[in-house]
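Only this structure's heavy atoms are used, side chains among them; waters, hydrogens and symmetry mates stay out. Given the structure is predicted, the values throughout are model-derived calculations rather than measurements.
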Amino acid sequence: MGAKIQSVFCRPQTKGENMLSLKSKYRTHTCGELSAKNVGETVMLSGWVHRKRDHGSLLFIDLRDNYGITQIVIDGGNDDLERVRPESVLQVTGKVVARDASQVNEKIPTGEIEISVESWKVLTNADVLPFQVFGDDDTVSEDLRLKYRYIDLRRDSLHNNILTRNRIMKFLRDKMWDLGFSEFQTPILTVSSPEGARDYIVPSRNHHGMFYALPQAPQQFKQLIQIAGFDRYFQIAPCFRDEDLRADRLLEFYQLDLEMSFVDLRDIQAVGNEVMPELIKKFVPDAIVDPNIPHIPFDEAMLKYGSDKPDLRNPILISDVTEIFRGSDFGIFANAIESGSVVRAIPAPNSADKPRSWFDKLGEYAVKELGLGGLGYIIFADEAKGPVAKKLDADRIEKLHKIAGDNSLLFFVCDKAESAAKAAGKLRIKLGEDLGLVNPHEFRFCWIEDFPMYELNEETGAIDFGHNPFSLPKGELDGDPLKIKANQFDMVLNGAEICSGGLRNYNPETMVRAFAIAGYGPEVVKEKFGGMYAAFQYGAPPHGGCAFGIDRLVSIILGTNNLREVVLFPTNQRGQDLMLGAPREVTEQQLREVHIQVRKKN
RNA sequence: GGGGUUGUAGCUCAGCUGGUUUAGAGCGUCUGCCUGUCACGCAGAAGGUCGCGGGUUCGAGCCCCGUCAAUCCCGCCA
């Protein structure tokens with residue numbers, strides 16, 4: 001608790017070389033700047049009543065503003081001030097006096113002094129609060145906090161989060177300028193695109209029955225910026241997606257969006273290498289940042305980590321042990337392998353002595369959360385133990401023992417390749433957490449590359465684009481489309497995807513052929529992406545780029561997994577603004593103007 | 001669209017197997033006392049449609065059904 005109060009004076013403030021004075025008719029100083037040097041001065045402060053301590057004829061008030069907290073003393077007491085509620089706004093004039101050595105409050109930087117009040121004025125009164133600002137209690141329910149966001153934002157942790165975000169934005173913008181990128185703005189009212197997420201649509205008044213869409217990303221515009229010859233562009237861009245929310249997903253969010261001409265993949269990734277480790281070092285004081293950022297092919301990531309966004313802090317590596325189980329007496333796996341399943345092994349280091357209850361819990365997790373039939377395992381203590389071990393011969397056991405290591409466990413997941421990889425990946429994460437293998441002070445980046453250009457739609461059997469349809473395929477487009485890789489990458493930090501990008505398909509013929517494989521005829525390309533397709537006819541430079549998710553980066557830096565903790569005015573999980581009441585109905589007149597009739601709810 | 005969890009005072013929660021009367025605690029609020037607190041202290045008070053609707057029962061905060069809301073996850077989504 002003390003540490004939390006302490007952070008009031010550690011607020012990451014905006015500071016400029018030509019700061020405007022903070023003095024005004026309301027204050028000569030802020031609540032965070034007076035010290036022993038000011039003793040004897042008469043000062044005026046304005047701020048919120050953070051806390052009162054009433055000793056009868058002696059009253060202490062902690063006065064708080066954006067910059068800190070200063071203690072106000074009213075000697076002799078005062079009935080009116082004693083009744084002022086917390087969070088009322090007060091203006092006080094008084095003398096700066098030194099505190100006795102025994103009364104210095106080391107938790108706040110103004111703790112050597114206090115203000116002996118000579119006159120005061122209540123600027124505004126606060127009603128009884130829906131929740132307390134003081135104490136920074138983070139157990140208050142989120143809907144209440146969102147409804148009174150302006151009060152929540154006064155609380156120490158959230159206030160600091162937003163100020164830190166402010167400084168991160170400044171850092172990113174300065175850095176991009178420093179690296180030679182130009183900052184442009186692209187339209188917010190734009191065209192609906194058929195690929196990817198659902199668009200937010202905006203009805204047009206002047207064009208009957210037509211709609212704008214809010215951009216999911218400035219993808220087409222930033223490519224057109226390249227065709228227009230601007231070479232290196234960046235933007236801190238708002239993006240909108242009309243999809244269901246999660247704790248780590250917002251309906252509007254910000255990306256550091258960039259695009260470059262005449263580059264290869266490594267040139268784009270150089271931006272990430274340049275900016276991201278420095279960002280973490282600058283904003284996380286005790287961060288351990290590994291400057292080595294490995295490049296991992298997608299297929300390898302899925303096999304070794306069971307995920308395309310691996311947390312490299314977790315030392316567990318998954319192995320494919322299909323061949324060890326093939327033809328073994330462990331019938332469940334051996335039979336499944338014959339019908340096309342694979343077996344993945346997940347080692348749990350130094351846990352051979354775990355109690356029975358630990359296994360039961362993991363088994364329950366595997367069945368309930370991962371949808372597995374059960375969780376097979378072998379314990380490698382003095383000898384190999386467990387129901388699976390009994391069915392395997394010494395040779396197979398020895399091979400598995402090598403993978404697991406001594407005093408360890410080996411868990412097995414048997415399923416079709418993709419499902420097995422995913423389940424093994426989740427188990428890897430779970431084991432990492434449960435065994436405390438992940439160091440929260442560590443920051444490990446990696447690049448995931450060679451994503452498949454296309455994937456099979458399980459339901460329809462059709463070939464779909466795997467990720468970004470504008471990506472440049474690697475190599476030839478002949479042969480099995482599912483084997484074609486894309487010039488595309490993600491940047492991953494501690495198990496979170498923080499960036500996605502790649503080289504773009506800038507050749508109109510290749511573009512038509514790439515779309516044809518996914519079942520879109522040339523007429524569709526010309527219709528849906530007509531503007532861009534036309535632009536490619538007039539000399540497009542080879543280009544590529546990427547976009548970093550700013551909200552996610554800020555949340556990783558601040559160590560929260562809830563994006564609403566790093567956004568000023570977020571919606572709730574159903575996309576509602578509980579404070580201002582959005583979305584809401586509009587008038588019949590407004591609907592008529594945009595030619596819209598609302599359907600009855602069935 | 002589907003699943004899990006939750007809903008009791010302004011806030012955070014407890015409330016046992018359905019039966020102790022007037023549903024409790026901490027914080028907050030209000031009143032009184034207090035000159036050195038900084039999570040001040042002490043004494044007292046107010047504050048409840050147990051989310052809402054229905055059902056089972058002699059009896060429901062607790063069980064059942066429905067419904068609404070919140071949250072987390074899956075689907076969806078870079």
Between B:A69 (P) and A:Leu144 (CG): distance, integer Å: 18 Å
Nearest-nucleotide pick for A:Leu58, side chain only, options being B:C30, B:U35, B:C34: B:U35
Atom P, compared across B:G44 and B:A25: separation rounded to whole Å: 12 Å
Partners meeting ring-ring contact (aromatic ring centres under 6.0 Å, His included) with A:Phe465 (sequence neighbours left out): A:Tyr454, A:Phe515
Rounded distance in Å - CG (A:Asp79) to P (B:C33): 9 Å
Distance-only side-chain donor-acceptor flag, A:Gln573 / A:Asp244, under 3.5 Å: no
Any A:Lys107 side-chain N or O less than 4.0 Å from OP1/OP2 of B:A39: yes
Inter-nucleotide P distance (B:U5, B:C65), Å rounded: 13 Å
Counter-base of B:U20, judged by Watson-Crick or G-U geometry with both distances under 3.5 Å: none
Sugar-phosphate only, base, or nothing, as touched by A:Arg552 at under 4.0 Å among non-hydrogen atoms: nothing
Sugar-phosphate only, base, or nothing, as touched by A:Arg145 at under 4.0 Å among non-hydrogen atoms: nothing
Whether A:His55 stacks on the six-membered ring of B:C40 base, 5.5 Å and 30° limits: yes
side-chain N/O A:Gln573 vs B:C72 OP1/OP2, d < 4.0 Å: yes
Who pairs with B:A43 - Watson-Crick or G-U, where each distance is under 3.5 Å: B:U31
Whole angstrom value for the distance that separates C1' of B:U35 from CZ of A:Arg99: 15 Å
N or O in side chain of A:Ser141 less than 4.0 angstrom from B:U12 OP1/OP2: yes
A:Phe131 over B:C11, stacked by centroid distance under 5.5 Å, angle under 30°: no
Sugar-phosphate only, base, or nothing, as touched by A:Arg574 at under 4.0 Å among non-hydrogen atoms: sugar-phosphate
Under 3.5 Å donor-acceptor pair, A:Gln71 side-chain atoms to B:U37 base atoms: yes
For atom NZ of A:Lys52 and atom C1' of B:G41, their distance in whole Å: 16 Å
Separation of the P atoms in B:U8 and B:G61, to the nearest angstrom: 15 Å
Separation of A:Arg83 CZ from A:Asp54 CG (nearest 0.5 Å): 9.5 Å
Spacing of the P atoms in B:G47 and B:C30 (rounded, Å): 16 Å
All side chain to side chain donor-acceptor pair (under 3.5 Å) counterparts of A:Gln223, not counting sequence neighbours: A:Gln219, A:His543
Under-4.0 Å side-chain N/O to phosphate OP1/OP2 contact, A:Arg155 with B:C11: no
G-U wobble or Watson-Crick pairing nucleotide for B:G48 (cut-off 3.5 Å, both distances): none
Integer angstrom distance from the C1' of B:U67 to that of B:C16: 29 Å
A:Asp143 CG - B:C72 C1' separation (whole Å): 14 Å
Sugar-phosphate, base or nothing in reach of A:Asn572, heavy atoms under 4.0 Å: sugar-phosphate
Side-chain N,O (A:Arg53) to OP1/OP2 (B:U37) below 4.0 Å: no
Step-by-step salt bridge (charged side-chain N to carboxylate O under 4.0 Å, His left out) determination, A:Lys474 to A:Glu449: CA-CA 11 Å; A:Lys474 272 193 169 174; A:Glu449 308 172 335; 5.8 Å; no
Ring centroid separation A:Phe240 to A:Tyr200 under 6.0 Å: no
5' priority, RNA chain B, between A:Arg51 and A:Gly56 [closest heavy atom]: A:Gly56
Separation of the P atoms in B:U29 and B:U21, to the nearest angstrom: 31 Å
Those residues that, when tested against A:Asp311, pass side chain to side chain donor-acceptor pair (under 3.5 Å) (two or more places apart): A:Arg313
Residues that A:Arg249 engages under salt bridge (charged side-chain N to carboxylate O under 4.0 Å, His left out), provided they are two or more places apart: none
Phosphate contact (B:C30 OP1 or OP2) by A:Arg83 side-chain N/O below 4.0 Å: no
Complementary nucleotide for B:U6 - Watson-Crick or wobble, under 3.5 Å: B:A69
Sugar-phosphate, base or nothing in reach of A:Gln576, heavy atoms under 4.0 Å: sugar-phosphate
A:Ser141 and A:Asp143: side chain donor to acceptor below 3.5 Å: yes
Contact list for residues 486-506 of chain A, test ring-ring contact (aromatic ring centres under 6.0 Å, His included), sequence neighbours left out: A:Trp447-A:Phe489
Candidate nucleotides B:C11, B:C40, B:C77, ranked by approach to the side chain of A:Val140 - the nearest: B:C11
Geometric cation-pi criterion A:Arg51 and A:Phe134, 6.0 Å radius, 45° cone: yes
For atom NZ of A:Lys147 and atom C1' of B:A70, their distance in whole Å: 14 Å
A:Asn105 side-chain N/O to B:U37 phosphate OP1/OP2 under 4.0 Å: no
Sugar-phosphate only, base, or nothing, as touched by A:Leu59 at under 4.0 Å among non-hydrogen atoms: nothing
Span that lies between the C1' atom of B:G18 and that of B:G55, in whole angstrom: 15 Å
Same-atom distance (C1') from B:U57 to B:G19, integer angstrom: 12 Å
Nearest-Å distance for atom pair CZ/P, residues A:Arg85 and B:G28: 14 Å
Spacing between A:Glu82 atom CD and B:U29 atom P, to the nearest angstrom: 14 Å
5'-most by nearest nucleotide on RNA chain B - A:Thr139 or A:Phe60: A:Thr139
RNA chain B contacts among residues 239-252 of chain A, heavy-atom distance under 4.0 Å: A:Arg241, A:Glu243, A:Asp244, A:Arg246, A:Ala247, A:Arg249
